[in-house]
Amino acid sequence: MLTLTWLESVPDVWQQITIVGTWLGVILLLAVVAKRYTSADSEITRKIVHIGTGNIILFAWWLDIPASVGIGASIVASIVTLLSYKFPLLPGINSVGRQSLGTFFYAVSIGVLVAWFWSIEQPQYAALGILVMTWGDGLAALIGQRFGKHRYKLWGIQKSWEGSLAMGVVSYIVSSLIFLSVQGNIWQTWFISLVIAVVATSLEAFSKFGIDNLTVPLGSAAIAFALTQLL
């Protein structure tokens with residue numbers, strides 16, 4: 001009788017890395033297909049990667065992946081993204097039409113949040129911070145570009161009210177879902193999520209050089225953690 005005893009001999013960490021690696025492979029494949037075989041522009045391709053890779057934090061949380069793995073991956077990704085600004089390693093990801101270190105800040109934010117919240121055994125806050133940036137910022141950019149009719153400018157960066165509204169709504173939904181899964185349907189869930197949505201939307205509006213990819217996840221996670229302790 002065929003058994004999977006060989007799988008049981010594989011260390012858990014390698015099984016976890018395999019799952020994450022498979023997910024990353026699927027996301028990159030989708031991005032390549034979208035770029036080569038559809039009429040999707042470069043921004044769509046970027047957001048497929050942006051949103052898809054951000055969801056890795058859920059695998060890290062649910063599979064209890066060691067902090068050392070997450071931090072190590074963040075360091076490698078940070079180095080690769082820095083090199084990609086000098087060499088065409090990630091042309092489809094970094095081409096945003098303006099000077100930006102967003103991809104680098106994205107990688108750094110994941111490492112910082114994993115180091116912070118894994119060390120105190122509160123990974124849900126790392127997941128919240130990353131997913132607010134992943135889904136909120138990602139959809140805000142897409143909606144703002146496609147439907148943004150009412151523009152405003154902050155710090156020399158043009159935004160749209162439609163995009164900012166999308167950021168706020170998505171941030172609220174993401175935060176609420178995570179709090180519901182952790183602490184249930186209590187008033188703090190809805191109140192803290194609302195505060196996070198306002199803070200995240202405000203931070204995203206000040207996105208010069210892609211700094212929002214650092215301030216949004218760190219700010220959202222910090223506010224969530226602080227308010228949970230206070231309330």
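What you are looking at is a predicted structure, and each value in this text was computed from that prediction instead of being measured. Residues: numbered from 1 along the sequence shown.
- When hydrophobic side chains of Ile, Leu, Val, Met, Phe, Trp and Tyr are connected at separations under 4.5 Å, L194 ends up clustered with Y172, L180, W190.
- Closest heavy-atom contact between A140 and A166: CA-CB, 4.1 Å.
- Note on residues 179-207: pairs passing salt bridge (Lys or Arg N to Asp or Glu O under 4.0 Å), not counting sequence neighbours, are K159-E204.
- Taking Y106 as the reference, H50 meet the ring-ring contact (aromatic ring centres under 6.0 Å, His included) condition, with sequence neighbours excluded.
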Listing, residues 59-73 side-chain donor-acceptor contacts under 3.5 Å, not counting sequence neighbours, or none:
none

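- Across A200 and V216, no two heavy atoms sit closer than the pair O-CG2, 3.9 Å.
- A 4.5 Å side-chain heavy-atom check between F179 and I196 finds at least one atom pair inside the cut-off.
- The nearest pair of heavy atoms linking A197 to S171 is CA-CB, 3.9 Å.
- Within the model, atoms CG of L218 and CG of L203 stand 9.5 Å from one another, a figure rounded to the nearest 0.5 Å.
- Among residues two or more places apart in sequence or in another chain, the side chain to side chain donor-acceptor pair (under 3.5 Å) test is passed with T215 by none.
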Criterion side chain to side chain contact (heavy atoms under 4.5 Å, CB included) on I143 and L165, from CA distance to verdict | CA-CA 9 Å; I143 291 173; L165 177 61; over 6 Å; no
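- Considering every non-hydrogen atom in both G54 and L131, the closest pair reads O-CD2, 4.0 Å.
- Atom CZ of residue F104 and atom CG of residue L83 lie 11.0 Å apart, to the nearest 0.5 angstrom.
- Residue pairs satisfying the side-chain hydrogen bond (donor to acceptor under 3.5 Å, both in side chains) criterion with at least one member in residues 109-132, sequence neighbours excluded, are listed as follows: Q122-Q124, Y125-T228.
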